[in-house]
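Lettering follows sequence order; numbering is per chain, from 1. The shown structure was predicted, so the numbers you read here are calculated from the model rather than taken from an experiment.
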Number of protein chains: 2
Amino acid sequence: MATVSRVLREPDRVTPAKRAKVGEAIAHFNYVPNAVAQQLRRPRSRTILVIIPEISNLFFAEALKNIENVAHDLGYRVLIGETQRCQERLDQYIDLVTSRTADGLILFGSLMPSVLRASMDAGAPLPFPVVLAEASVRWPNCPRVKIDNVLSGEMAVRHLVKTGRRRIAMISGPQRYTVSQDRLKGYRMVLAEAAMEQRQDWVVEGDFSMASGYAAMGRLLDLAELPDAVFCAGDEMAIGAQTAIRERGLRMPDDIALIGFDDMRFAAYASPPLTTIRQPAGELGKAAVGLIKALFDGDSIRESTIILPHELIIRRST
Amino acid sequence: MATVSRVLREPDRVTPAKRAKVGEAIAHFNYVPNAVAQQLRRPRSRTILVIIPEISNLFFAEALKNIENVAHDLGYRVLIGETQRCQERLDQYIDLVTSRTADGLILFGSLMPSVLRASMDAGAPLPFPVVLAEASVRWPNCPRVKIDNVLSGEMAVRHLVKTGRRRIAMISGPQRYTVSQDRLKGYRMVLAEAAMEQRQDWVVEGDFSMASGYAAMGRLLDLAELPDAVFCAGDEMAIGAQTAIRERGLRMPDDIALIGFDDMRFAAYASPPLTTIRQPAGELGKAAVGLIKALFDGDSIRESTIILPHELIIRRST
DNA sequence: CTGAAAGCGCTAACAC
DNA sequence: GTGTTAGCGCTTTCAG
């Protein structure tokens with residue numbers, strides 16, 4: 001048995017003759033090592049758990065794809081958990097790492113595992129490697145990768161101002177998420193800076209879905225005082241908004257300019273093609289894997305924050 | 001140790017007094033059973049491996065979400081593997097089940113694991129539970145869930161004929177996939193049946209991406225003999241095609257009618273909203289879990305095929 | 001009802 | 001270089 005193990009793991013430490021013999025036997029019996037038993041003996045499972053709020057969100061999908069790729073190249077397996085923004089499901093997935101099925105965690109979304117919250121409240125160090133991705137909160141001793149949502153919100157609105165818009169509205173994300181708050185903050189910042197009118201009813205909250213963008217835009221268009229530009233905190237909401245605008249017979253960008261957020265792949269095919277702020281989803285995924293790997297290897301990079309660059313993509317909706 | 005195990009697993013077989021005491025200890029030491037060790041002793045890992053070609057495809061994302069949900073309710077964990085249509089990565093993921101990290105496999109896509117191909121060639125029974133989802137091929141002794149792509153292709157084109165179109169083109173999927181072949185077959189069927197013109201250059205092959213739909217439509221529009229309707233084998237290609245049509249200043253459905261396939265969530269927000277054939281992605285996922293569960297439980301449902309109903313969703317592009 | 005003891009299949013340390 | 005041995009942390013007999 002031990003020799004078989006060696007042949008599979010460190011073939012050089014076995015005589016070629018024996019190696020061949022064992023190899024034959026392996027082939028003959030169709031032997032595949034039981035990974036569970038291996039894991040029990042080995043210190044690490046070489047598995048990364050990635051937790052995302054929802055799998056059908058294209059931003060996460062893109063990040064995930066890159067995580068998979070990089071992890072795979074590094075010899076790690078990736079386990080994906082979808083929480084659907086439900087605390088209970090999140091905590092169940094966390095069991096995978098406390099029970100050592102996974103070595104560490106890349107966590108997307110704003111939900112926080114109970115175990116981590118508890119250990120933090122107790123002032124204890126994090127019980128296992130975690131990296132926060134696109135994190136809305138800051139967590140002591142925990143590296144994160146994100147973009148600067150305030151700055152990118154500013155960039156979006158500044159572009160609107162620069163192209164001559166004066167009555168700028170916003171369809172924001174749910175305000176319980178810091179990401180959403182930050183983008184809104186960026187919006188307000190620029191408006192204040194440009195000494196432009198800030199109306200309460202020009203900010204409508206959506207939930208990042210197309211339906212919510214459509215509804216929010218509907219409310220904006222019902223206003224007596226119509227905005228001449230709208231900053232949408234997400235591309236899907238922007239696409240919903242476009243539909244609403246088209247239905248009212250208004251033209252973009254002439255009547256209303258629209259800027260989105262994310263640059264998901266549908267943005268370029270919208271009607272008109274959507275100007276947007278690109279979030280580097282892929283880069284974010286890659287960076288997250290780099291961070292977790294460093295944690296695994298014991299590098300003391302805790303507490304670091306990587307801010308990835310956002311980018312203005314000008315298309316024809318502005 | 002044994003008692004702790006019992007308290008966690010079959011509390012009723014332990015005196016309440018002892019149970020409480022053990023419970024306290026568990027809480028105090030923050031004890032979490034090592035899942036790897038548990039799995040070593042238990043016959044099954046209660047994990048389902050789901051393999052998909054690409055995670056960012058909305059059809060898979062939707063199916064996956066339902067798989068996750070149902071599996072979760074049944075007490076199964078879901079491991080997701082993305083092959084990116086690469087045989088090597090597929091085979092690596094299959095190791096998860098041969099090495100008993102997963103109990104069985106739900107397989108999307110047309111790639112076939114080498115192990116399975118080998119065992120089939122040898123006339124042997126499948127070495128572990130597999131269900132084929134939206135399978136392009138048939139596999140002996142292996143249950144599958146799918147829709148009827150020929151019939152749904154027919155339904156799409158028949159709708160075009162019924163609404164008075166006479167020069168119907170098609171943007172097909174890659175012909176190396178049976179799914180794509182089937183939809184094309186449906187198209188040809190109806191055309192033949194209606195004794196309508198079938199032109200070689202009215203069928204252009206895409207790869208399901210928006211970019212390919214855009215390019216394919218461009219080629220169609222360059223033709224001397226313009227079609228008055230196009231059946232796209234996927235919604236994303238249809239959205240790409242819409243962009244091309246708009247850019248040429250043509251109107252939908254007046255100049256050209258367009259019908260897509262899938263009814264992914266963007267279809268309703270396209271411009272104009274896309275008429276399409278709905279594939280029940282969610283149902284498909286649920287059914288797949290049901291099938292694999294039955295396989296786990298030893299029900300002899302092998303060789304069954306579940307055909308899920310497709311549906312014509314009429315919107316404004318036709 | 002509970003503790004002791006025997007493995008699950010493997011790897012690593014240890015002899016030979 | 002290779003076989004033997006001792007666990008990894010649990011579950012499951014088996015006694016008591």
Side-chain angles (χ1 to χ4, degrees), chain A residues 1-47 49 75-77 79 92 94-104 115 127-129 296-298, chain B residues 1-47 49 75-77 79 92 94-104 115 127-129 296:
Chain A
M1 184 66 246
T3 307
V4 174
S5 177
R6 279 184 209 110
V7 168
L8 257 24
R9 195 154 326 306
E10 319 159 287
D12 297 341
R13 288 184 41 189
V14 178
T15 351
K18 182 126 285 188
R19 201 189 307 159
K21 225 166 182 173
V22 171
E24 250 173 63
I26 288 178
H28 181 252
F29 291 108
N30 232 298
Y31 170 75
V32 178
N34 179 319
V36 177
Q38 285 181 320
Q39 280 182 34
L40 188 60
R41 291 289 351 211
R42 296 201 222 239
R44 301 172 306 155
S45 61
R46 297 199 73 79
T47 300
L49 174 63
Y76 284 86
R77 186 176 296 152
L79 246 158
Q92 282 183 329
I94 296 298
D95 285 349
L96 291 176
V97 16
T98 52
S99 70
R100 333 237 57 206
T101 301
D103 296 332
V115 215
F128 48 75
F296 288 162
D297 296 348
Chain B
M1 183 69 247
T3 307
V4 173
S5 178
R6 278 185 209 110
V7 168
L8 257 24
R9 195 150 323 308
E10 316 160 288
D12 297 341
R13 288 184 40 189
V14 177
T15 350
K18 182 127 285 190
R19 201 189 306 159
K21 226 166 180 173
V22 171
E24 250 173 62
I26 287 177
H28 180 252
F29 290 108
N30 231 298
Y31 171 76
V32 178
N34 179 320
V36 177
Q38 284 181 321
Q39 281 184 31
L40 188 59
R41 291 287 350 215
R42 303 201 191 171
R44 299 173 307 155
S45 60
R46 297 198 73 79
T47 300
L49 174 63
Y76 284 87
R77 185 176 296 153
L79 245 156
Q92 282 183 330
I94 296 297
D95 284 349
L96 292 175
V97 17
T98 52
S99 70
R100 334 236 57 206
T101 301
D103 295 333
V115 216
F128 48 77
F296 288 161

Task: Angle of first-five versus last-five pair axes in the helix from dC1(C)-dG16(D) to dC16(C)-dG1(D), to 10 degrees - done: 50°
TODO: State, to 0.1 Å, how close P33(A) and S99(B) come at their nearest heavy-atom pair, and which atoms those are.
DONE: O-CB, 3.5 Å
Task: Set of side chain to side chain contact (heavy atoms under 4.5 Å, CB included) partners for V4(B), sequence neighbours left out - done: M1(B), L8(B), V22(B), I26(B), Y31(B)
TODO: Applying side chain to side chain contact (heavy atoms under 4.5 Å, CB included), name anything that partners P11(B), two or more places apart in sequence or on another chain.
DONE: R19(B)
TODO: Determine yes or no for a side-chain-to-main-chain donor-acceptor pair under 3.5 angstrom, with R77(B) supplying the side chain and R46(B) the backbone.
DONE: no
Task: From CG (L49(B)) to CG (L96(B)), nearest 0.5 Å - done: 5.5 Å
Task: Partner set under side chain to side chain contact (heavy atoms under 4.5 Å, CB included) for L40(B), not counting sequence neighbours - done: V36(A), A37(A), L40(A)
Open item on the list: If the condition is side chain to side chain donor-acceptor pair (under 3.5 Å), which residues does D103(A) pass it with, not counting sequence neighbours?
Closed with: S45(A)
TODO: With a 4.0 Å heavy-atom cut-off, tell me which residues in residues 11-24 of chain A come close to DNA chain D, sorted by residue number.
DONE: R13(A), V14(A), T15(A), K18(A)
- [ ] Compare side-chain N and O positions of T3(B) against OP1 and OP2 of dT2(C) and report whether any pair is under 4.0 Å apart.
- [x] no
Task: side chain to side chain donor-acceptor pair (under 3.5 Å) partners for R44(A), two or more places apart - done: Y76(A)
Open item on the list: Tell me the closest heavy-atom pair linking R100(B) and Q39(B), and the distance in Å.
Closed with: O-OE1, 4.5 Å
- [ ] To the nearest 0.5 Å, tell me how far S5(B) OG sits from Q38(B) CD.
- [x] 7.5 Å
- [ ] Figure out the CZ/P separation between R46(A) and dT11(C), and round it to whole Å.
- [x] 14 Å
Could I get a table of every N or O pair under 3.5 Å where one atom is in the protein and the other is in nucleotides 4-8 of chain C?
unit_1 : atom_1 : unit_2 : atom_2 : d
dG7(C) : N2     : R41(B) : NE     : 3.3
dG7(C) : N2     : R41(B) : NH1    : 2.5
dG7(C) : N3     : R41(B) : NH1    : 2.9

Open item on the list: Quick check for you: name the first and last nucleotides of DNA chain D, 5' to 3', having an atom under 4.0 Å from a heavy atom of chain B.
Closed with: dG9(D) to dT13(D)
Task: Counterpart residues, salt bridge (charged side-chain N to carboxylate O under 4.0 Å, His left out), relative to D12(B) (two or more places apart) - done: none
- [ ] Only counting residues at least two apart or in another chain, list the ones meeting salt bridge (charged side-chain N to carboxylate O under 4.0 Å, His left out) with E10(B).
- [x] R13(B)
Task: Heavy-atom closest contact (T47(B) atom, T101(B) atom, distance) - done: CB-O, 3.5 Å
